Structures are given as C-alpha cells and as structure tokens.
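First the structure, in the form of structure tokens, and then the observations on it.
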Amino acid sequence: MATTMKTLLTLSLLLCFFSSILLVLCSENEIVMTKKVLLEVKSSFLNDPENVLGNWSEDNNTDYCTWRGVSCDLSQVVVGLNLSDSKLTGSVSSSLGLLQNLLHLDLSANHLMGPIPPSLSNLTKLESLLLYSNQLTGQIPNELGSLASLRVLRIGDNELTGEIPSSLGNLVNLVVLGLASCKLTGSIPTQLGRLNELQNLILQDNELTGPIPSELGNCTGLIRFTASDNKLNGTIPSQLGQLRNLQILNLANNSLTGEIPSQLGQMNELNYLSLTENNLEGHIPPSLSQMGNLQNLDLSVNKLSGGIPEEFGNMHQLKFLVLFGNPLSGRIPKKLCSNATNLEHLLISMNGLYGEIPSELSQCKSLKQIDLSNNFLNGTIPLEIYGLVNITDLLLHNNSLIGSVSPFIGNLTNLKTLALYHNKLHGALPKEIGMLGMMEILYLYDNQFSGNIPNEIGNCSNLKMVDFFGNHFGGRIPITIGRLKELSFLHIRQNELVGEIPATLGNCHKLTVLDLADNNLSGGIPATFGYLKDLQQFMLYNNSLEGGIPRQMANVANLTRVNLSKNRLNGSLAPLCSSRDFLSFDVTGFLVKFRGRWEKSLICLC
C-alpha cells in the first residue's frame, strides 16, 4: 500500500513537472506569435513621421508590453492597442484579427487608407473599436456584427461607402455607434431598434436616404441621436417621443415632410432639438413647450404655418428660439417672455408676422440677439427694447416700422449690429449713437431719417460698415468719421449732404467702398484719398465737385469701379487710368483738354 502511494506521488510530481514545462513552452510560443503579429501590424504602417513605433523592435526591445501604445495583462497577453493621433500612414492590418484577447483597439486620427479588414470580427472580446478620422474606404464589413462584446464602435470621418450593415443590430451591448461624416448610402437599418443599450447614435453628414425607422423608438437608452445633413425623407416617427432620456435630437438639413409629431413634447430630458432645413409643414405643436429642459429649438427654413405658440413663454430653460424662414403668421405672442427669462437668441425673421413689436419682449432680460427682420411688422420700436442692455444684434430691417430712434439707444453699449433698413423710420439720428463703442455694422438705409449725421458717430471706434443710403440726411459729412480706423464700407449716397468732403476720410485706411454720390457736395477731391490703398469702389457722381483728380490717387492701385460723372471736375485722368483693369469707369461730364481746348467728356472708359 505504501509502495503504491509512493508511486502515485512520484507520477503526480512528474505530471506537474511536465505540465509546467508544457505551459512554459506554450506561453513562450504565444509570446513569439504575439510579437510576430505586432511586427506585421507595424509593417502595415508605411510612414511614421513622429517615430511612434520606434521601440517596436525585435532586436532592441523584446518586451512588446513596453512598446508604445501596447497594453498587456499580467500574463503578457495584449489587451489594448492605442496608436491614435500619431500621424501614421498606411492601412489597418488584417493581422490585428489574430490578437484575439484584444479589448480595445484605437487607430483614430491618423492617415490610414484602404478597407476595414473583415478579420477584425475575430476579436470576439473587443469592447471598443475606434478607427474614426482616417481616410478609410470601402464598405463597413458585415462581419463586424459578430462582435458581441462591442460597446463602442466609432468609424466615422472616413471615406466609407455602401450601406450601414443590418448586422450591426446584433451588437446588443453597443453604447456608442459613430458613423458620421462618411459617404454612406441606403437607409437606416430597422435592426438598430434592437440596441436597447445604445446611448449615442451618430449618423450625420452622409448620403443616407429613406425614412427614419420607427423602431428607433425602442432604443429607450438613447441620449444623443444625430442624423443631420443626409437625404432622409418621409415623416418624423411619433415613436421618437418614447425616447425619454434623449438630450440631443438633430435631424437638420434633410428632406423630411409632414407635421412635427406632438409626441416629441414627451421627451422631458431633451435640451437640443434641430429640425431646420427640411420640408416640414403644419402648425408648430404647443406640446413642445412641455420639454422643460430644452435650451435650443431650431425649426427654421421649413414650411411651417400658423402662429408662434404662446406656450413657448413657459420654457424657462430656452436660450435659442430659431424659427426664421417659414410662412408663420400672426402676431408675436406677448407672453413669449413670460417665463422664458433665459432666452438669449430670438430669431424669427423671414416669416409673415404682423402687428406691433410687443413691449413685453423686454422681460427677456438675457436677450443678446433679436432678429425680427423680413416680416410685416408695424408701429414703433418699443422704448422698453432699449432696456435690453445685453443685446449684441438688433435686426428689424425689411418691415414697416415708423417713428424715430430713441436717445435711449445709448443704453445698448454691447450692440455690434444695428440693422433698421427698409422701414419708414424718420427723424434725427440721436447723438447717443456715439455711445455704442462696440458697434461694427450700422445699416439705416432706405428710411426717412433727416437732420445732421451726429459728430458723435466718430466715437464708434469699431465701426466697419455704415450704410445711410436713401435718406434725407443733411448738413456736412462729420470730420469725426476720420477716426473710424476699422471702417471698410461707407455708403451715404442719395441724401442731402452739403459742403466739402472731409480730408479726414483719408485716415480710414481700410476703406474698400466709398460712395458719396447723389448729394450736394462741393469743393475738390481730397488729396488724402491717396492713402486709401485698399479702395475698390469710388463713387462721387451727381454732386458739384470741382477741380482735378489729385495725383496722389495714383497710389490707389486696387480700384475696380469708379464713377465721378456729373460733377465739375477737370484736368488729367492719369492718376486713375494708369495700369488698371476697371470693371466700370465713368467720368461723364469731366472737362479734359483736347487740342488745346477744354472739352466736356460724354463718357470715358479706361
């Protein structure tokens, strides 16, 4: 009995010994094979400008677990490979499919070309596959649908073509599916509706067609769904209202039709909704106001009709209300700002809105942009509007507004753009306009303003563009305009201005367009205009200017359009005509010396 026990013990020890040797041999063989695979992967990269793979060497560094980008577990098994943003060129090696314990593969943000190898489907333990921001081509392999452990698949921002494989609907553990910015065609597979764990579905900027599958309403874990900039058609499925966790829904720039489903109002967590640039019609559902967390609502450039729901005034988190480019009608709701106190951008231009601008808009104290242009609004600009001290852009042009601009305009010290053109505004421009030191654009053309242009305009040191065309401004052009060092566009044609052109305008060295035509200006062309070296359009016609063209104008080499006709100018045209390619040049009525006599030119084209 003792002998038998001793024999069994000996055999057990021998078995353990040989098993250990076998394990070591197998382990060493696996290490050799892994190293060989990694070196094959290295060989697929044709260019490594940052020497990221410099320590991937069988000779100098045999421990591949220390190679850059390689992650191993305690048994020297490769579980991760991250070579993202390394400026690598070449291709994705099919040998990667031999690293069967790989959990994470990241080759994103390189310059890799060629197809995605179907052999990656052998990586059955893979949890994240990141190949985005390369130049990969070909179709998405159907075989990727077998990666049952995959949680993150991001392969967008490539040149991939073909359809989205329906097999991706088998990736039931998927949390992120990023296929944006490729050239994918076909429809969105209905099978994606099986992905109950999916949180991010990113499909924008492709060439996808067909309807949005109603089955996506089953992806109740979705937080972000973007499919903008495709060619999707059909209606918006009402089932999307079941996505109660959704925070971002962007379907902009497609060809969607029909009405906006009222069920979308059930998405209580939504903070961004963009349906702009589609063919949606019908009324805006008041139920959208139930989305209490919504911050951005963009329904612009559609065919929506009816009025703006006054219930929008209950959306206290709303910052952007963008409804321009629809045939909306009715009045601007007085209750629009009743509770929407965080509203910063109210963009409702290019509609059919009528009536007066509600003074109640002043309750939206956070407003930065107001664009009510291109409607049928009438009445005056409410005094209360001038209390919105955070406004940077006030756009009321192309309406039928009357009355004058209040001196309270001076309160809007953050204003950058003031566009009031194509209205029926009258009266003087208040001197308080000079308090708007941040203003860059001042468009008042095609109104009935009168009186002098205030000298204080010279305090608006950031002004770049001024257009007073088609008013009744009189008096002299303020010499203070010469302080406006950023001014590139000055258009005050067709007014009733008198006196000489200020020489100080020559200090506005960035001017590209100077149009003082159709006034009653006298005197000569200032020699300081020779400093306007960026000037391209120079219009002084229909005035009473005298004298010659200053020789300094020869320095203005970028002129393309000149019209000095119908003045009393004379002398040589040489400062303007030498070595220039004019698109138009008109000096009709200019006195030139011909055969010893001064004669009036009928027209002159250089």
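Since the model is a prediction, treat every value here as computed from it, not as a measurement. Along the sequence shown, residues are numbered consecutively beginning with 1.
Side-chain contact annotation: S488 with T512, donor-acceptor N/O pair under 3.5 Å absent. Side-chain N/O atoms of R483 and N459 include a donor and acceptor closer than 3.5 Å. There is a side-chain donor-acceptor pair under 3.5 Å between N253 and D229. Side-chain contact of D393 with T417: a donor-acceptor pair under 3.5 Å is present, judged by distance alone. Remark: the E159 side chain and the T137 side chain contain no N/O donor-acceptor pair separated by less than 3.5 Å. Under 3.5 Å, the side chains of H345 and Q369 contain a donor-acceptor pair of N or O atoms.
Although no hydrogens or angles enter the test, the distance criterion places a donor-acceptor pair under 3.5 Å between the side chain of N423 and the main chain of S400. For the pair S84 (side chain) and A109 (backbone), a donor-acceptor distance under 3.5 Å is absent. With N268 contributing its side chain and M291 its backbone, the two residues share no donor-acceptor pair below 3.5 Å. Put simply, the side chain of N158 never gets that close to the backbone of L160: no donor and acceptor are under 3.5 Å apart. Side chain of D157 to backbone of Y132: no donor-acceptor contact under 3.5 angstrom is found. Using a distance-only test at 3.5 Å, with no hydrogens or angles considered, a donor-acceptor pair links the side chain of N254 to the main chain of A227. A donor-acceptor pair under 3.5 Å is formed between the side chain of T392 and the backbone N or O of K368. Under the 3.5 Å distance criterion, the side-chain polar atoms of N278 are left unmatched by any main-chain donor or acceptor of L280. For the pair D467 (side chain) and F469 (backbone), a donor-acceptor distance under 3.5 Å is present. Remark: the backbone N or O of L203 is paired with a side-chain donor or acceptor of N230 at under 3.5 angstrom.
Scanning both residues, E143 and S121, for their nearest heavy atoms gives O-CB, 3.3 Å. Shortest non-hydrogen contact noted between G156 and C182 is CA-SG, 3.8 Å. Smallest separation of non-hydrogen atoms from C460 and M439: SG-CE, 4.2 Å. Here the closest heavy-atom approach between residue I188 and residue P213 is recorded as O-CG, 3.2 Å. Of all the heavy atoms in P189 and P165, the pair that sits closest is CG-O, 4.2 Å. Closest approach of S262 and P285 over heavy atoms only: CA-CB, 4.0 Å.
For the atom pair NE2 of H316 and CG of L294, the computed distance is 11.0 Å after rounding to the nearest 0.5 Å. Expressed to the nearest 0.5 Å, how far CD1 of I223 lies from CG of N200 amounts to 6.5 Å. In this structure, the separation between CG on L395 and CG on L372 is 8.5 Å, given to the nearest 0.5 Å. Here CG of L147 is found 11.5 Å from CG of N173. Values are rounded to the nearest 0.5 Å. Atom-to-atom distance recorded for L361:CG and I332:CD1 is 6.0 Å, nearest 0.5 angstrom. A distance of 6.0 Å separates NE2 of H426 from OG of S404, quoted to the nearest 0.5 Å.
Under a cut-off of 6.0 angstrom, the local environment of NZ in K424 is sparse, with at most 12 non-hydrogen atoms contributed by other residues, nucleotides or ligands. Environment of CZ in F408: sparse, with no more than 12 heavy atoms of neighbouring residues, nucleotides or ligands closer than 6.0 Å. Heavy-atom neighbours of R151 CZ from other residues, nucleotides or ligands within 6.0 Å: at or below the threshold of 12. Counting non-hydrogen atoms of other residues, nucleotides and ligands closer than 6.0 Å to CE of M113 gives a total of 12 or fewer.
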Practice task
Go through K335 and E360 one step at a time and tell me if the salt bridge (charged side-chain N to carboxylate O under 4.0 Å, His left out) criterion holds.
Solution key: CA-CA 7 Å; K335 295 183 178 180; E360 290 82 357; over 6 Å; no
Practice task
Go through the steps to decide whether N398 and N375 satisfy the test side-chain contact (heavy atoms from CB on, under 4.5 Å), and finish with yes or no.
Solution key: CA-CA 7 Å; N398 284 344; N375 281 289; over 6 Å; no
Handout entry: side chain to side chain donor-acceptor pair (under 3.5 Å) between S149 and E127, intermediate numbers included
Key = CA-CA 5 Å; S149 299; E127 295 180 4; over 6 Å; no
Practice task
Just do the side-chain contact (heavy atoms from CB on, under 4.5 Å) check on L429 and L444 with the steps written out, would you?
Solution key: CA-CA 10 Å; L429 184 62; L444 305 180; 3.7 Å; yes
Practice task
Go through the steps to decide whether I284 and L299 satisfy the test side-chain contact (heavy atoms from CB on, under 4.5 Å), and finish with yes or no.
Solution key: CA-CA 9 Å; I284 300 173; L299 308 179; 3.9 Å; yes
Exercise for the section: Check the pair D298, L275 against side-chain contact (heavy atoms from CB on, under 4.5 Å), reporting the backbone distance first and the verdict last. Expected result: CA-CA 6 Å; D298 190 349; L275 305 177; over 6 Å; no
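A heavy-atom distance below 4.5 Å is not found between the side chains of N196 and V172. At a threshold of 4.5 Å between non-hydrogen side-chain atoms, the residues P430 and I409 count as touching. Residues L304 and L328 have side chains in contact (heavy-atom distance under 4.5 Å, counting atoms from C-beta outward). Within the 4.5 Å cutoff, the side chain of V152 has no heavy atoms near those of the L129 side chain. Counting heavy atoms from C-beta outward, L131 and I116 have side chains that approach closer than 4.5 Å. The shortest side-chain heavy-atom distance between T209 and E207 does not fall under the 4.5 Å cut-off. Side-chain atoms of L343 and F320, non-hydrogen and from C-beta on, never get closer than 4.5 Å to each other. Residues Y386 and V405 have side chains in contact (heavy-atom distance under 4.5 Å, counting atoms from C-beta outward).
For E269 and R244, the salt-bridge test fails: no basic side-chain N is under 4.0 Å from an acidic carboxylate O. Salt bridge status for K87 with E50: present, with a side-chain N to carboxylate O gap under 4.0 Å.
Ring geometry, F468 versus F473: the interplanar angle falls from 30° to 60°, so the pair is classed tilted. Between H422 and Y445, the ring planes lie perpendicular to each other; the angle is over 60°, past the 30° to 60° tilted range.
Checking each of N206, L177, L208 against I164 for a side chain to side chain contact (heavy atoms under 4.5 Å, CB included) leaves exactly one that passes, namely L208. Residue L126 is tested with L150, L96, L103 for a side chain to side chain contact (heavy atoms under 4.5 Å, CB included); the sole match is L150. Of the candidates R224, Q199, M267, L246 forms a side chain to side chain contact (heavy atoms under 4.5 Å, CB included) with just one, namely M267.
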